[in-house]
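What follows is a short report on a single structure.
By convention here, the first residue in the shown sequence is residue 1. Only a predicted model underlies this, so the values are computations on that prediction, with no experimental measurement involved. Values below: every heavy atom of this structure, side chains too, minus hydrogens, waters and symmetry copies.
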Amino acid sequence: AIMRAEPSAFEVVVYGVVAERVPPGKVTSYGAVALAVGAGPRAVGAAMRRCTDPAVPCQRVIAADRRLGGYGGKAASEWNWGPAVERKKRLLVAEGVSFDSDGRVAESCFLRDLRPSSSSGGPAVTTPRASTATTTSSSSSSQRARRRRREEEDPQPTPQQQQGSTRASRKKRRTSS
């Protein structure tokens, strides 16, 4: 893996949302951050995994089921958290995050939606380089358009179509034997 010294424009937007919209004592999910930046949760997870900026409170982003997930690029299993995830929990506890009897973050500490709302009365939080989010989404829409054109020119069978033809050929082989 190639290590980049500077975060990408997308990563800067993700880090801005986490730093500005998730206060101490609260956590959110990868999916909520994804919704706020217009991306997928896995892309947010990958960005968080690559974060090296101590100003970004990466520990405040957890799995949607309120489990801690990984930390510092280290994955956690249900049976073995490891020292990185233990550190994540210590940081959260020090910030005032509480946990339920199952070891999940308490519902009262969990922010489900990070999108700014005009009804909140407070100022909408802007992210650094917000214009790059638009550029990113328009480039992904142009990528989708190119992919669609390629598929129209050279249609590939869907996995379901491939599976159906495989089933039919298996059935044919069984009946002809």
Side-chain angles (χ1 to χ4, degrees), residues 1 3-78 81-82 84-144:
M3 298 298 286
R4 292 189 316 272
E6 294 295 317
S8 69
F10 171 73
E11 291 167 348
V12 169
V13 172
V14 168
Y15 304 156
V17 166
V18 172
E20 295 173 15
R21 298 186 195 173
V22 187
K26 299 288 183 182
V27 297
T28 194
S29 68
Y30 296 98
V33 175
L35 192 60
V37 301
R42 289 184 180 208
V44 170
M48 298 305 293
R49 184 173 37 256
R50 288 189 294 268
C51 184
T52 57
D53 184 352
V56 179
C58 298
Q59 71 274 12
R60 297 181 194 156
V61 184
I62 65 170
D65 65 0
R66 301 188 342 263
R67 292 183 193 195
L68 291 181
Y71 186 65
K74 307 287 188 251
S77 73
E78 195 170 325
W81 279 16
V85 181
E86 286 295 334
R87 179 169 188 255
K88 181 177 188 172
K89 185 172 184 177
R90 280 194 311 274
L91 289 167
L92 291 172
V93 168
E95 291 181 353
V97 173
S98 53
F99 292 81
D100 64 18
S101 59
D102 294 332
R104 296 173 194 232
V105 170
E107 186 68 45
S108 61
C109 298
F110 193 69
L111 300 175
R112 296 205 174 273
D113 193 348
L114 298 178
R115 294 174 295 180
S117 68
S118 56
S119 62
S120 68
V125 179
T126 58
T127 58
R129 296 189 198 167
S131 62
T132 57
T134 309
T135 309
T136 304
S137 67
S138 67
S139 75
S140 64
S141 66
S142 64
Q143 289 171 345
R144 283 192 298 271

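In terms of modelled atom types and a separation under 3.5 Å, the side chain of Glu11 and the main chain of Ser8 share a donor-acceptor contact. No donor-acceptor distance shorter than 3.5 angstrom exists from the side chain of Lys89 to the backbone of Leu68, with no hydrogens or angles considered. At least one donor-acceptor pair closer than 3.5 Å links the side chain of Tyr15 to the backbone N or O of Ala47. At distances below 3.5 Å, at least one donor-acceptor pair connects side-chain atoms of Lys26 with backbone N or O atoms of Ser108.
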Practice problem: Could you give me the CA-CA distance, side-chain angles and deciding distance for Arg67 and Ile62, then say whether side chain to side chain contact (heavy atoms under 4.5 Å, CB included) is met? | Solution: CA-CA 6 Å; Arg67 292 183 193 195; Ile62 65 170; over 6 Å; no
Practice problem: I would like to know whether Val33 and Met48 meet side chain to side chain contact (heavy atoms under 4.5 Å, CB included); could you show each step before the answer? | Solution: CA-CA 11 Å; Val33 175; Met48 298 305 293; 5.9 Å; no
Quiz item: Hey, mind stepping through Phe99 and Arg104 against side chain to side chain contact (heavy atoms under 4.5 Å, CB included) and telling me if it holds?
Solution: CA-CA 5 Å; Phe99 292 81; Arg104 296 173 194 232; 5.9 Å; no
Listed pairs under 3.5 Å, donor-acceptor, residues 36-43 side chains, sequence neighbours left out:
none

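Annotation: the span from Leu35 atom CG to Leu114 atom CG amounts to 8.5 Å, rounded to 0.5 Å. For the atom pair CZ of Arg90 and CD of Glu95, the computed distance is 13.0 Å after rounding to the nearest 0.5 Å. Here NZ of Lys88 is found 12.0 Å from CZ of Arg60. Values are rounded to the nearest 0.5 Å.
Across all non-hydrogen atoms, the minimal contact from Ala55 to Pro57 is O-CD, 3.4 Å. Shown here for Gly96 and Cys109, the closest heavy-atom pair between the two residues is O-SG, 4.4 Å. Between Pro7 and Val12 the shortest heavy-atom distance is CG-CG2, 3.9 Å. Between Leu111 and Pro23 the shortest heavy-atom distance is CD1-CD, 3.8 Å. Closest approach of Leu91 and Tyr71 over heavy atoms only: CD1-OH, 3.2 Å. Nearest heavy atoms, Ser29 versus Val61: C-CG1, 4.0 Å.
One finds a salt bridge joining Glu107 and Arg112 here, because a Lys/Arg side-chain nitrogen approaches an Asp/Glu carboxylate oxygen to under 4.0 Å. Taking the charged nitrogens against the carboxylate oxygens, Arg66 and Asp100 do have a contact shorter than 4.0 Å, which makes a salt bridge.
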